[in-house]
Structures are given as C-alpha cells and as structure tokens.
Amino acid sequence: MVIVLLNWSYILFITFLTGFCFYKCLNKFVNCNTSYSLSHNIVCGIVVTTIYAQFFSIFHKVGLLANLFLFILCLAVLIRNKSELSIRIKKTLSILCSWEGVLYLGVLLLIAFCTSRGTIHTDTNLYHAQMIRWYETYGVVKGLANLQWHFAYNSSYFGFAALFSMAFLGGSSLHCTTGFLTALFCIWALHHLKNFFSHSYHFADLCCIGILFYALVNLTGCVSPASDYATMFFALYLITRWAEVLESHTQDITEYCLLSVLAVYIATLKLSAGLLVLLVLYPLVCLIRQKRTKEIITYLFFGIITLLPYLIRNVIISGWLLYPFPALDLFSFDWKLPVQYVQIDSAQIKTWARCLYDSSLIDKPFQEWLPIWWNAQERYAQMLLLTNILAVVLDVFILLHYIIRKKRLNWNLVLLNIVVLCNTAAWLFLAPFIRYGLAFLLATPALAVGMWMRKEKSSFYKLVSGCIVVLMFFVLTPYWDHYFTDDMVFIKQNLTAPYYLTQKEYDTSEMQTFDMNGITIYCPKEGEVTGYRYFPASAYDYMIQSTQLRGTQIKHGFRNTEFQTSSRERQSSLLAARPVRRISSIVPLHGSAHN
C-alpha cells in the first residue's frame, strides 16, 4: 500500500507538470491566458504521456529512458514556473488541510488499500499483463498478434500502465494506474458535488454520482490495469465535463475542442467507446460558423497526433489498421494476422457477448438472441437495464414537454444525450457485455434525472415524471446494494492481507514451454492465465505451433505459417475445431456486470 501511494505520487508529479506544460504552450499558440485546474492538468497529462509512451514504444522499450526524458522535462517546467506553481500548491494544501481534505484523504486511502490487494481481471491474466511486459521489454514487435490475437486489441492504456510500472528499477512491475484513475476521478467528482445545492443545473452533478457509482462497482478491480476500467472512467469523465461546461454557458469553444480530442483518446483506449467522437460536431460547427480556420487546423492536428501512434502500432502488431474489422483490409505484410483469425475473433466477441457461445450463430436475429442474453444476466444487472429503459421513457417525456410548451431546446445538450444513447445502442447490438458499456448505462439515467431536476412549476408533467424518477431509484437499488455488500465483504476479508507495504503481484499459473528457433515460449498447462512472470507467453499452444520468428531474435517479430501453407478447406476445418475465445476468458468478476 505504501508502494502504491509512492507510485501515485510520481504519476501525479509527471502528469500534472506535463499537462501544465501542454496548456502553457496551447495558450501561447492560440493567444489566450486560460488557467486550468489541478484535475484538468492531470487528465491532460495522462493523455499526453499515453501518446508519448506509444510513440516511444515504436522506437524503443518503455522503461528508464522514457521516464528519464519525462522527468527532466517536468523538472524544467517546475523550475521555469516555480512562482505560479507555488501559488497553486498552497491553494491545494489549504483544501487538503480542511475537513474536505480529510474526506479526500479517506477516499485516497480506501482506494490505495484496494489497489494493493484487489482482484486481478480475467483478461489481465489472459493478455493485459503480457502486453504491458511487451511494452517494457521490446516496445513493439512486428506480427505480435500471431503469437496471441488478443495482443492485436492494442489498447493505448497499456502504454500508460507500462510507463509508470517502474519495472526498470529491478523489482516488481507495479500495476497502480487504475487505482490512480479511480482516486483522481472520485476526488474530482466529490469536489464538484460539494456545491450541489448552489448549482442551477444538475446534469454534471448526476454524472459525478455516476462516476462514484462506477468506482463502487470496480473498487476491488483497482489492482488490475484493465483497459475496460480506464475506458469507462474516461468516458464518464468526458460526459460529465461536457455537461459541466454546458452548464457554465461559456462562449469559449476551447473546452469543447479539447474534450473532442479527449474523445479520440478514449477511442484508442477501446474502440467500443469510439462513437463518443460524434461530440466533435458541436465545436466543429461553431468554429466553421465563426470562420476560425486556425483553431480547426490546430485541434484536427491534436486529434491526428492522438490517433496516429495507436494506428501505427495496430499495423505493426497485427498488419490491420483497425482490429478486429476484416472489411478494412489495406496491407499485405508478411507478419499480417491471417484474415481467418480476424473473422472468427470478431464473430466470437459478438456471440459470446450475446451469451450464445457459438460463432456459427453470429447471424441469429436480434429478437431471437435478446431473450437468451436477458435471461443470462444476473437479477441486479437486469435492474440496471430496466433503469435505462425508464431513463429513455423519461427522456421522451421531457422532450414532449418541451415541444408542447414550445420551449427552446439546448442543441448541445440534445447532442450529448444522443451520443450517449448511440453508444448504448452500439453496445447492445454489437457486444453487450455489461462491462463494455457500463459508463453509458450509468450516464443515460444520470443525464435524464439531471434534466428532470430543472426547476418547474407543479403540474401533471412534474407529477408523472417524478413518479418515473422515484421508480428508477427503487429499480436500481439492487444493483448498488449488490456491489456495496461485495465491497464491504472484500475489505473485511482483506484487512489482514500482507500488502500494507508492497502490492499484490500479478496472478500466475503452471507453464509448459515451446522452443521457437532457440527462443522459449511459455503457455499455461491448463486454463488461460499467462500472467506477467513468464515471458514471452501465449494462452494458446496451437498459435505458438503455427507461428515462427521472422528472423533470429524476438525483436524481428513473428509471422503465421499455418495459413500460408494450408489449403482453404484445411483453414476452415482448423478454425472450426478451435475455440478462439474460451469460456474461462469471460467468467465474470462480480457477476454479469463485469461480463
């Protein structure tokens, strides 16, 4: 736990000063003098350091050298701006030395406790930990996905996790970044909520409660550097910040432009949240109307820089620009993951998420698989889904009220709601594991209730809509009650666990070995826990056997041999006989909410 807090202190130092430096440069470039808060600087720093780690990984492993460059930069920024930064530090310390600060400290220690000894995510055991070690050891190698196709998912979050794992110090590879994000966003949400009753609007307030809700659901998962957790936290933060800026009635479009770049960043964390990029429509229209060509080019450049290293790594790892989308077939490198794998993996993701567990059922109609999927959900998860249905009903009711009363619609707020609903719909139709779309399943009712809380005279509308809100609260009760109980049990059971100084290691399992031209490749004897300790490892022995080195060393990369020599008929039979995504890889951590 002490190590976790020390690691967080280092991440805070680097991300705050990196974000501060970025905003200083931005202000000079667009000729303004905007001051950004501590949390805004940290979030910006997380984005910048993630992009930096990805670019760095293309040329070198992410370790001591990558940290050294960042540290020197941050020291230079600190020295150059020591007067301004000292004022900020004093202001922050004054908050920390108040009763408000005691609350934040309590939250910080609780999350540090869970980060030191929580539950390792199933997919972290499967490939997250290995992917982080690839960053630490080689940066990136060509055709890595041929060793295990999960590596082709290539979440940018693993670059951020590897940058701050501190493995180069010779000890354990720390996995504290998810806990850092949890602490950051929870404290930010609590800080915003302290002025709840003085706010004229409550869209952002309710979304802040959604952030706290998500932290409650994943409290025991803070130890795991899972891309799902980072994606959902950032998605909720983006939605909340958008609502916060909207409530401020600012005429400055800069905040919306920066949040649009953040939406692109979230897409690199996990493509399933990619439709958040639709939010860019609002600032884009505003900039076009105002003929601010310079700003359009500037933020377009930021978006490209955010996306570019992710796409480059995609091509290097798998030979595909976007994985797993076989329709976008642009390259023919010798390390390219065979299209047959991409097709079957894409089908498996959808059918497993629909609880069908058979890729041949990929074309099963919506009305036929929906009841199967619904019945497979835990009761408390069904209550969350019912709450979202009620939220949509409330949205429609509010919209009708505006139309009947001929009130002016805020099109920015309408866009925000539509984008959230579009993401929810995409989640449902493509891959409805609840953990893939939990941010949107929390944001939908949060925004609906936030809109309902606007001051209105007593009327039939207020009575009916109020009844819907009360019903939503009671329907959602089993969901938060389940996780609150789980978290309390977890804390009680782990009070005596020996992790008050150090952090719990990644899970591991008994391994078998394979020789690949003198290189030892590890594979679990049973199950799919590859973990971190044994490297390089693949969860699937048959992928190891159908892969060869492109040269004499691992850094030269991998390529597939089986589909280059097999006939089309043999390829089909081989894939049909092999479960690309076994049931063990989708076992929930806390029931279906983590599916």
Working for ring-ring contact (aromatic ring centres under 6.0 Å, His included), residues Phe535 and Tyr522 = CA-CA 7 Å; Phe535 178 83; Tyr522 297 92; 9.1 Å; no
Rounded to the nearest 0.5 Å, what's the gap from [atom1] on [X] to [atom2] on [Y]? Could you check?
| X | Y | atom1 | atom2 | result |
| --- | --- | --- | --- | --- |
| Asp487 | Lys492 | CG | NZ | 15.0 Å |
| Asn423 | Ser272 | CG | OG | 8.5 Å |
| Trp149 | Tyr127 | CH2 | OH | 13.5 Å |
| Ile46 | Phe160 | CD1 | CZ | 4.5 Å |
| Leu438 | Tyr229 | CG | OH | 10.5 Å |
| Leu70 | Leu163 | CG | CG | 5.5 Å |

Indicate whether the side chain of [X] and that of [Y] have a donor and an acceptor atom separated by less than 3.5 Å.
| X | Y | answer |
| --- | --- | --- |
| Thr124 | Tyr506 | no |
| Asn494 | Arg117 | no |
| Thr178 | Tyr157 | yes |
| Glu505 | Ser172 | yes |
| Thr561 | Ser546 | no |

Would you verify whether the NZ or CZ of Lys142 falls within 45 degrees of the ring axis of Phe558 while also being under 6.0 Å from that six-membered ring's centre?
->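 No, a cation-pi geometry is absent between Lys142 and Phe558.
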Aromatic Tyr532 / basic Arg133 pairing, under 6.0 angstrom, 45° off normal |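 Relative to the ring axis of Tyr532, which defines the angle, Arg133 lies inside both limits.
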Take Phe55 and Thr50, measure what side-chain contact (heavy atoms from CB on, under 4.5 Å) needs, and give me the verdict at the end.
-> CA-CA 9 Å; Phe55 270 121; Thr50 303; over 6 Å; no
Specify whether [X] and [Y] have parallel, tilted or perpendicular ring planes, treating 30° as the upper limit for parallel and 60° as the lower limit for perpendicular.
| X | Y | answer |
| --- | --- | --- |
| Tyr479 | Phe213 | tilted |
| Tyr153 | Tyr323 | tilted |
| Phe69 | Phe56 | perpendicular |

Nearest atoms (heavy-atom pairs only) where [X] meets [Y]:
| X | Y | value |
| --- | --- | --- |
| Ala439 | Met232 | N-SD, 3.2 Å |
| Pro326 | Val339 | CB-CG2, 4.1 Å |
| Ala267 | Val277 | CB-CG2, 4.5 Å |
| Ile14 | Thr18 | O-OG1, 2.5 Å |
| Ile521 | Leu147 | CG2-CD1, 4.1 Å |
| Tyr310 | Leu322 | CE2-CD2, 4.2 Å |

Apply the test salt bridge (charged side-chain N to carboxylate O under 4.0 Å, His left out) to residues Lys336 and Asp329: give CA-CA distance (whole Å), side-chain angles for both, the deciding distance (0.1 Å), then the verdict.
-> CA-CA 10 Å; Lys336 183 177 178 180; Asp329 190 351; 2.3 Å; yes
Which is it for Arg313 and Asn154 under the side-chain hydrogen bond (donor to acceptor under 3.5 Å, both in side chains) test, yes or no, and what are the steps along the way?
-> CA-CA 7 Å; Arg313 282 181 52 87; Asn154 184 36; 3.1 Å; yes
Under 3.5 Å, side chain of [X] to main-chain N/O of [Y], donor-acceptor pair present?
| X | Y | result |
| --- | --- | --- |
| Thr15 | Gly45 | no |
| His556 | Gln553 | yes |
| Ser155 | Leu269 | yes |
| Trp335 | Ile316 | yes |
| Ser116 | Phe113 | yes |
| Tyr500 | Leu495 | yes |
| His175 | Lys504 | yes |
| Asn146 | Met543 | no |
| Trp373 | Pro432 | yes |
| Gln503 | Ser173 | no |

side-chain contact (heavy atoms from CB on, under 4.5 Å) between Leu549 and Ile519, worked out | CA-CA 9 Å; Leu549 291 172; Ile519 304 297; 3.7 Å; yes
Side-chain heavy atoms of [X] within contact of [Y], under 4.5 Å:
| X | Y | value |
| --- | --- | --- |
| Gln148 | Leu126 | yes |
| Cys523 | Ser538 | no |
| Phe234 | Val43 | yes |
| Ile362 | Arg354 | yes |
| Pro309 | Tyr52 | no |
| Trp320 | Asn314 | no |
| Ile58 | Ile312 | yes |
| Val419 | Leu275 | no |

Hey, would you say the Trp480 and Tyr483 ring centroids sit under 6.0 Å apart?
-> no
Taking the six-membered ring for Trp, are His150 and Tyr540 ring centroids under 6.0 Å apart?
-> yes
Should Thr508 and Tyr534 be marked as a side-chain contact (heavy atoms from CB on, under 4.5 Å) after you check the CA-CA gap, both sets of side-chain angles, and the distance that decides it?
-> CA-CA 8 Å; Thr508 189; Tyr534 296 98; 3.4 Å; yes
Can you establish whether the number of heavy atoms outside [X] located under 6.0 Å from its atom [atom1] is more than 12?
| X | atom1 | result |
| --- | --- | --- |
| Phe331 | CZ | yes |
| Gln367 | CD | yes |
| Arg533 | CZ | no |

Show your working on side-chain hydrogen bond (donor to acceptor under 3.5 Å, both in side chains) between Asn125 and Asp507 and close with a plain yes or no.
-> CA-CA 6 Å; Asn125 288 329; Asp507 293 340; 3.2 Å; yes
Mind running side-chain hydrogen bond (donor to acceptor under 3.5 Å, both in side chains) on Asn67 and Tyr10 for me, showing each step along the way?
-> CA-CA 11 Å; Asn67 277 269; Tyr10 177 68; 2.8 Å; yes
Worked check of side-chain hydrogen bond (donor to acceptor under 3.5 Å, both in side chains) between Ser165 and Tyr135 | CA-CA 10 Å; Ser165 70; Tyr135 263 102; over 6 Å; no
